[in-house]
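For reference, the structure is listed below as structure tokens.
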Amino acid sequence: MKLNLAERLLVNNPLRALSQRRYEGPLLRRVGGRLDGARVLDVGCGSGVGIEVILKEFGAAEVQGVDLDPRQIQRAEKRFAVSRDPRVFLSLAGVNSLPFRNESFDAVFDFGMLHHVVDWQAGLAEIRRVLKPSGLFFFEEVTSDALNRWVYRAFLDHPEQNRFSEGQFLEVVSDLGLELLSQPRRVLFNDIFIGVARVPPPCSSHVTE
Ligand SMILES: C[S@@+](CC[C@H](N)C(=O)[O-])C[C@H]1O[C@@H](n2cnc3c(N)ncnc32)[C@H](O)[C@@H]1O
């Protein structure tokens, strides 16, 4: 679902960008490691700050940014209009129907997008579908407890049904066969959890004697 005015102001501002560059990016990199040479997807890329983080902090070779909202994609296009960075590709798409082949990304980032999606389980399944074996899923999400608090309800607009706790989110991640690299970190008064999970590597063939 698209952001309301209050959340557009909240996510598309210099303080949010600073936090993503100085805190969230480095934290995720410490857990998941660099992605030199990798092909990466940023789902719900918004204005594209996350894409810059993935290029600078992680060293990705290519980043595909998708977002459901044309205004957010326009913001991202504006961000990269001057540099015309050949590593960046932007498109209008929803997480539940990603226009990419199976197993086509080394990593996928979800910087606070899935809590906007009613069928977030289907979104996670799509993310899993496009990840290669050993691919990494970097996530930063908002808990249902936070979304139920008055300040979120008063100012922001999120799906009312099928919200998730950290435990419910991690259960689906695990059901999809991804393994957590470490226990997710809680930040911002416990409202947000941040972590990295990995698709298992391809089975190595054993030679029996
Ligand atoms: C809270 S903003 C985060 C934006 C950006 N990732 C950031 O960290 O600044 C959530 C973003 O997800 C996008 N979004 C919402 N529902 C979506 C969906 N079903 N598929 C893809 N993007 C979606 C919104 O348009 C918005 O840009």
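Numbering of ligands and ligand atoms starts at 1, following listing order. Side chains are part of it too, since the values below use all heavy atoms of this structure and drop only hydrogens, waters and symmetry mates.
Between Phe137 and Arg128, every side-chain heavy-atom pair lies at or beyond the 4.5 Å cut-off.
Looking at ligand 1, you'll find an N or O of Gln72 within less than 3.5 Å of one of its N or O atoms. Ligand 1 has no N or O atom lying under 3.5 Å from any N or O atom of Gly112, backbone or side chain. Close N/O approach between Gly44 and ligand 1 is found [any backbone or side-chain N/O within under 3.5 Å]. Distances between N or O atoms of His115 and those of ligand 1 include no value under 3.5 Å. Checking only distances, Met113 never comes within under 3.5 Å of ligand 1, N or O to N or O.
The side chain to side chain donor-acceptor pair (under 3.5 Å) test with Ser47 is passed by exactly one of Arg79, Arg75, Lys78: Arg79. Exactly one of Phe109, Phe105, Phe111 qualifies for a ring-ring contact (aromatic ring centres under 6.0 Å, His included) with Phe138. That residue is Phe109.
Applying the 4.0 Å criterion to heavy atoms of His116 picks out, from ligand 1, the atoms 1 (C), 10 (C), 15 (C), 16 (N). With ligand atoms numbered from 1 in the order given, ligand 1 contributes 4 (C), 27 (O) to contacts under 4.0 Å with heavy atoms of Gly46. The ligand atoms of ligand 1 that sit less than 4.0 angstrom from a heavy atom of Gln20 are 7 (C), 8 (O), 9 (O). Within ligand 1, the atoms closer than 4.0 Å to a non-hydrogen atom of Asp69 are 25 (O), numbered from 1 in the order shown. Using a 4.0 Å cut-off to heavy atoms of Gly94, the atoms of ligand 1 that qualify are 20 (N), 21 (C).
Pairs passing the side chain to side chain donor-acceptor pair (under 3.5 Å) check and including a residue from residues 90-108, sequence neighbours excluded, read Asn102-Arg129, Asp106-Lys132.
Counting heavy atoms closer than 4.0 Å to ligand 1, residue Leu68 contributes atoms from both its backbone and its side chain.
Assignment of Val43 to the shell around ligand 1 is not supported, since no heavy atom sits closer than 4.0 Å. Not a single heavy atom of Val49 sits less than 4.0 Å from an atom of ligand 1. The shortest separation from a heavy atom of Ala93 to ligand 1 is under 4.0 Å, placing the residue in contact. In this structure, Gly50 has no heavy atom closer than 4.0 Å to ligand 1.
For Asn190, the side-chain hydrogen bond (donor to acceptor under 3.5 Å, both in side chains) criterion is met by no residue, not counting sequence neighbours.
Side-chain N or O atoms of Gln121 include none that pairs as donor or acceptor with a backbone N or O of Val172 at under 3.5 Å. Between the side chain of Glu179 and the main chain of Pro200, no donor-acceptor pair closer than 3.5 Å is present.
No continuous path of hydrophobic side-chain contacts links Tyr23 to Leu15 [ILVMFWY only; heavy atoms under 4.5 Å].
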Would Glu126 and Val43 count as a side-chain contact (heavy atoms from CB on, under 4.5 Å) if you check the C-alpha gap in whole Å, the side-chain angles of each, and the deciding distance to 0.1 Å?
-> CA-CA 11 Å; Glu126 267 295 87; Val43 276; over 6 Å; no
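Ionic pairing of Arg30 and Glu57 is not present here: no N-O contact between side-chain nitrogen and carboxylate oxygen is shorter than 4.0 angstrom.
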